[in-house]
Protein chains: 2
Amino acid sequence: MYRKPMDETGTRARTRRAILDAAVSTLARNPSASLADVAAAAGVGRTTVHRYFRERSDLLSAIGAHLMELVATTTERARLDDGPAIEALDRLCQEYFELGDGFLFAFENPQLADWESWDSETEADQALTRLIERGHADGTIDPTLSTAWVGSLLWAMLYAAWQHTREQGVPKHTALRLCLHSLRKALTP
Amino acid sequence: MYRKPMDETGTRARTRRAILDAAVSTLARNPSASLADVAAAAGVGRTTVHRYFRERSDLLSAIGAHLMELVATTTERARLDDGPAIEALDRLCQEYFELGDGFLFAFENPQLADWESWDSETEADQALTRLIERGHADGTIDPTLSTAWVGSLLWAMLYAAWQHTREQGVPKHTALRLCLHSLRKALTP
DNA sequence: CGATTATGGAACATTGATGTTCCATGATGG
DNA sequence: CCATCATGGAACATCAATGTTCCATAATCG
């Protein structure tokens with residue numbers, strides 16, 4: 001009696017996730033780590049990794065898709081269209097910061113958006129753009145700063161904060177507080 | 001009649017520099033680029049690269065030393081101990097920004113300082129620390145922001161600015177202006 | 001319990017980057 | 001112009017990561 005392997009639930013989905021998560025952490029810290037390293041980090045045999053992702057590139061694509069989705073849901077959760085723009089930005093920072101190594105990976109691999117042939121403009125991108133322009137309009141974000149630059153600043157500061165915790169042993173909430181504070185100050189007109 | 005190869009001048013030094021520069025540019029953009037890529041970028045045979053740097057690790061060490069020196073002289077040029085702290089920071093940003101791919105490489109390889117067994121605290125590091133503390137003291141830099149965090153901010157913003165020019169085609173002076181403006185705003189009390 | 005599925009590990013083939021050796025050709029400089 | 005130096009390229013050896021196959025064992029689930 002056969003039963004097709006269920007792709008979306010059960011054991012199979014769980015180890016898939018384990019590998020994916022381990023790959024994100026491992027590759028975020030060392031982009032040239034071997035698949036053996038990833039397997040070890042996932043607590044799984046190297047063979048198993050190949051069983052789920054035939055080639056390295058397949059794994060990378062999967063990471064791309066996974067992170068795109070993660071960023072998407074995370075962005076939704078921040079409800080960028082609600083309340084004052086500057087506070088929505090705060091919420092977004094906090095959410096992104098929670099992504100941890102996932103955020104790190106996304107930061108270091110901006111070409112990630114291309115991997116899955118999404119429209120170059122994700123819904124998350126658009127929501128952020130709307131938010132920043134809203135801030136421009138209602139005077140809570142310095143209009144001198146282009147939308148693109150504000151986006152760059154956001155990511156760069158989050159990256160700085162994340163590294164700050166990793167390398168200086170600063171507690172996460174402290175780093176996040178510094179980040180939010182600095183970002184606000186940089187953006188106010 | 002023998003004459004030892006002169007290490008510091010002439011043809012030899014010139015191609016060495018060419019390889020070093022090409023390696024910085026190439027590896028800053030793709031850390032896993034092959035030595036063949038570096039050779040091509042330098043307009044030089046692969047053999048020649050090995051002639052100057054026996055192993056890949058030798059090349060990396062040399063880059064480390066080269067960049068440490070570059071950062072050192074660049075920092076000196078900014079004369080951090082002269083004039084108002086905030087203006088000295090401006091000068092430092094401008095100088096670092098000029099380093100281009102060299103800066104990019106340094107940003108992406110913070111372990112660079114270890115490579116050459118320097119004291120963990122470079123003179124450049126110390127000068128920057130002094131500068132920030134001076135700013136704290138004379139009230140031009142928000143004392144809420146720890147010295148380490150200000151340093152992180154500085155590098156992160158420069159990185160953001162540099163990427164901004166690379167990926168958005170923004171003219172360098174525009175990106176630098178945005179960077180300086182945002183940094184000032186973030187740091188003022 | 002018994003069938004199906006998931007896994008780990010060994011063994012092996014393939015591949016691309018490395019590192020080395022050698023030689024012919026060009027460049028340099030006294 | 002001639003001796004020395006610098007270089008490029010071919011040929012080769014080595015190595016680590018990759019990708020594949022196979023099998024025994026463990027986990028899962030009806």
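Fair warning: this is a prediction, and the values are worked out from it, not measured in the lab. Below, read A as the first sequence line, B as the second, and so on, with proteins coming before strands; counting in each chain starts at 1.
- Ring planes of B:F107 and B:W155: parallel class, angle under 30° (limits at 30 and 60°).
- For A:R79, the CZ atom counts as loosely surrounded, since its 6.0 Å shell holds 12 or fewer non-hydrogen atoms of other residues, nucleotides or ligands.
- Looking at heavy-atom distances under 4.0 Å, A:Y52 makes contact with sugar-phosphate atoms alone, never a base.
- Between the CD1 atom of A:I19 and the C1' atom of C:dA6 there is a distance of 11 Å, rounded to whole Å.
- With C:dG19, D:dG8, C:dG8 as the choices, the nucleotide that has an atom nearest any side-chain atom of B:E55 turns out to be C:dG19.
- Using a 4.0 Å heavy-atom cutoff across all strands shown, B:R46 reaches at least one base atom of the nucleic acid.
- Atom NE2 of B:H50 and atom P of D:dA10 are 16 Å apart (whole Å).
- Annotation for A:R54: atom CZ does not count as buried by contact number, only 12 or fewer foreign heavy atoms lying within 6.0 Å.
- Distances were taken from every side-chain heavy atom of A:L35 (C-beta onward) to each of D:dA6, C:dT21, D:dG19; the shortest belongs to D:dG19.
- Here the P atom of nucleotide C:dA17 and the CG atom of B:N30 are 11 Å apart, to the nearest Å.
- Taking atom CG of residue B:D37 and atom P of nucleotide C:dA17, one finds them 7 Å apart after rounding to whole Å.
- Seen from the ring of B:Y52, B:R12 counts as a face-on cation partner, given the 6.0 Å and 45° thresholds.
- Within the 4.0 Å cut-off from OP1 or OP2 of D:dG8, at least one side-chain nitrogen or oxygen of B:T48 is found.
- Using a 4.0 Å heavy-atom criterion, one finds that A:S34 contacts the sugar-phosphate atoms exclusively.
- Nearest to the side-chain atoms of B:R12 among the listed nucleotides D:dG8, C:dT7, D:dA6 stands D:dA6.
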Practice task
Given side chain to side chain donor-acceptor pair (under 3.5 Å), test A:Y96 with A:T74 step by step and report yes or no.
Solution key: CA-CA 7 Å; A:Y96 276 5; A:T74 300; over 6 Å; no

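- Remark: C1' of C:dT7 and CZ of A:R14 are 14 Å apart, rounded to the nearest angstrom.
- Contact annotation: A:T15 side-chain N/O to C:dT7 OP1/OP2 distance is under 4.0 Å.
- Taking only distance into account, the side chain of A:R51 meets the base of C:dG8 through a donor-acceptor pair shorter than 3.5 Å.
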